[in-house]
Amino acid sequence: MRILIIGGGGREHAIAWSLKRSATATELFIAPGNGGTVELGSNVDLKTGDHQSIVEFVVEQQIDMVIIGPEQPLVDGLADTLREHEIPVVGPSAAAARLEGSKAFSKDFMKRHSIPTAAYRTFGSDQLGEALEFVNEEGAPIVVKASGLAAGKGAIVCETVREAEEALISLMRDASLGSAGSTVVVESFMEGEEVSLFVLTDGDSYALLAPAQDHKRVGEGDLGPNTGGMGAYAPAPVLTEDLMEEALRTIIEPTLTGMHSDGCPYQGILYVGIMITSEGPKVVEYNCRFGDPETQVILPLMKSDPVDVFMALARGQFQDFALEMHPGAAVCVVLASQGYPGPYDTGHRISGVDATDERQTVIFHAGTRRTPGGELETTGGRVLGVSAVGENLKEALEFAYESVAKIEFDGAQFRRDIGHRGLKQQA
Ligand code: GLY
């Protein structure tokens, strides 16, 4: 089976790694890939925005299935283009990907279908004055969100009204995030713990992967600026059986039926960020893809054959698919460049990856490349994700941090408290 994976981060390395564990022999192509994916298949120099070249590559190379990792090509309609050419693809249509691509759309969708989420108002590009008035009336804390895609920088939690005013001015007047911030959603702050729920669906039937928790802040104790994610663990015990049942009944099922009745059935991977509030689970946001770094923990816990799972999704035949998960827990500790999420240097040599125990850990690459001489060097902010599966969270953490200690590059930073909420829940 010949499979093309679109993307080049830790998430796509984890997808490639899982496919290589299948009983079905696979030949993998990853576009653009990274220094880790090149060990599992061929990195291909295709631009994710160049849909025509992707279709030509798929036809020429007789690709059997395409898996789209990141949100931008999905929002831009790459899955639709591939489906028009009858190419099996994992990923929702552009119409369905609006759940992530437009916060204004997703909030209105939730309101229309009575799905619990924070109260909100949307302001268009000519409504800065009204938006400023609104945050002054509402007070703080309050959340200002760019409606469009903003690579994780679009949601600003404001502790004071002044911060909210600055966020609105920056997005709407100064266009700090370009057109993504011309329409803005202002919503009430939700208190609670956030959990990432991953739904695999053909639009009708669905299955759930283990609920995970990300660690968004750069510093231990959840301090410092937001990042793309400094680590993850699964399953997240905060989502108890009762809360899971409530989330399925009030969020997941109404979302899938709502997308159907709105004429854009959701086919692919739906990632729902859920806040466990004192009033029950509420949606923080929808994403139209796997999470990063959550993929680096949920795929190692998936027992079902990954090729079968992805093919069932791509063909829209998920009914009767019994998804199986491994018992135990998984963690991922992200090693990042010094300065990340601010400016950082690249080109630092990475050592120690080969010294890690591959029976206990798997190293997923994000910002890496192999030099022509075969050495591994840093190319990004998030560099590596060290993932481990254990009988329980404590054991998985021990395995992961043992390997983290062996890996070195200049300025490497990582959090030493990944999984702290899970450990506390279990204590
Ligand atoms: N875990 C955050 C994200 O993938 O958007």
Side-chain angles (χ1 to χ4, degrees), residues 3-20 28-49 54 66-76 78 90-91 97 100 149-154 196 198 209 212 214-216 218 226-232 234 268-269 271 273 287-300 306 310 330-337 340-341 344 346 350 353 362-370 376-387 407 409 412-414 418:
I3 302 174
L4 171 65
I5 301 167
I6 304 289
R11 168 182 50 210
E12 288 75 26
H13 188 186
I15 294 169
W17 170 86
S18 78
L19 291 167
K20 279 292 181 191
L28 301 183
F29 302 85
I30 310 96
N34 61 36
T37 59
V38 78
E39 310 285 327
L40 302 173
S42 308
N43 284 353
V44 188
D45 187 18
L46 285 168
K47 303 272 171 289
T48 53
I54 292 173
V66 180
I67 302 172
I68 304 174
E71 59 276 20
Q72 188 72 57
L74 290 162
V75 168
D76 292 345
L78 178 57
V90 178
E100 176 165 5
L149 289 185
K153 299 193 183 92
S196 306
F198 294 92
L209 291 164
D214 189 2
H215 298 65
K216 291 198 168 119
V218 73
N226 264 332
T227 67
M230 292 297 289
I269 296 141
Y271 157 13
N287 296 294
C288 59
R289 53 175 170 84
F290 274 134
D292 192 345
E294 292 97 321
T295 310
Q296 291 89 305
V297 293
I298 55 176
L299 289 184
F310 286 115
V331 304
C332 173
V333 179
V334 169
L335 292 164
S337 297
Y340 175 78
Y344 53 82
T346 59
I350 304 166
V353 169
V362 47
I363 315 298
F364 294 120
H365 294 229
T368 72
R369 72 166 197 126
R370 287 261 168 216
L376 200 59
E377 68 175 28
T378 67
T379 59
R382 288 190 291 176
V383 176
L384 296 168
V386 178
S387 289
I407 300 173
F409 54 89
Q413 57 160 332
F414 63 91
I418 299 305

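The figures that follow rest on heavy atoms only: side chains count, while hydrogens, waters and symmetry mates do not. All residue numbers in this chain count up from 1 along the given sequence.
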Of the options E100, E294, R289, which is the one that meets Y271 in a side-chain hydrogen bond (donor to acceptor under 3.5 Å, both in side chains)? E294
Closest heavy-atom pair and its distance - A212, I298: CB-CG2, 4.2 Å
If you measure from CZ on R11 to CD on Q296, what distance do you get to the nearest 0.5 Å? 8.5 Å
Using modelled atom types only, decide if a donor and an acceptor are shared between the side chain of T295 and the backbone of D292 within a distance under 3.5 Å. no
Give me the atom names and distance for the closest heavy-atom approach of P306 to S18. CG-O, 3.2 Å
Passes side-chain contact (heavy atoms from CB on, under 4.5 Å), T37 versus I5? Steps please. CA-CA 10 Å; T37 59; I5 301 167; over 6 Å; no
Give the minimum heavy-atom separation between Y340 and M230, together with the two atoms involved. CE2-SD, 4.0 Å
Full working for side-chain contact (heavy atoms from CB on, under 4.5 Å) between I3 and F310: CA-CA 10 Å; I3 302 174; F310 286 115; over 6 Å; no
Can you tell me if NZ on K153 sees more than 12 non-hydrogen neighbours from other groups inside 6.0 Å? no
So do E71 and N287 actually touch side chain to side chain, heavy atoms under 4.5 Å? no
Taking G380's backbone N and O only, do any of them form a donor-acceptor pair with S337's side chain (distance below 3.5 Å, no angle check)? yes
Indicate the atoms forming the closest heavy-atom contact of V331 with V297, along with that distance. C-CG1, 3.2 Å
Just how far is it from atom CZ of F414 to atom CG of L384, taken to the nearest 0.5 Å? 12.0 Å
Mind telling me whether F290 and F198 have parallel, tilted or perpendicular rings, with 30° and 60° as the class edges? tilted
What residue among E39, R382, H13 forms side chain to side chain contact (heavy atoms under 4.5 Å, CB included) with H365? H13
Heavy-atom check, side chain of T48 versus side chain of L78, under 4.5 Å: no
Gap between atom CD1 of I30 and atom CD of E12 - 0.5 Å precision: 10.0 Å
Using only atom types and a distance under 3.5 Å, with no angle test, would you say the side chain of N43 pairs donor to acceptor with the backbone of N34? yes
Strictly distance-based, threshold 3.5 Å: is any side-chain N or O of T227 a donor or acceptor partner for the main-chain N or O of G229? yes
Given side chains that start at C-beta, do those of W17 and P300 come closer than 4.5 Å, heavy atoms only? yes
Are the side chains of R370 and L376 in contact, using a 4.5 Å heavy-atom criterion? yes
How many angstroms lie between atom NZ of K47 and atom CD1 of I6, to the nearest 0.5 angstrom? 12.0 Å
So, does H215 use its side chain to make a donor-acceptor pair with the main chain of G231 at under 3.5 Å? yes
How many angstroms lie between atom CD1 of I363 and atom OG of S387, to the nearest 0.5 angstrom? 8.0 Å
On a heavy-atom basis, the closest approach of P73 and I68 is CG-CG2, 3.9 Å
Working note: K20 + L28, criterion side-chain contact (heavy atoms from CB on, under 4.5 Å); need CA distance, chi angles, decisive distance, verdict. CA-CA 8 Å; K20 279 292 181 191; L28 301 183; 3.9 Å; yes
Rounded distance [0.5 Å steps], CD1 in I54 versus CG in L4: 7.0 Å
Quick check: closest heavy atoms across G228 and P293, and the distance to 0.1 Å? O-CD, 4.0 Å
So do L335 and I350 actually touch side chain to side chain, heavy atoms under 4.5 Å? no
Any side-chain heavy-atom pair of V218 and P341 under 4.5 Å: yes
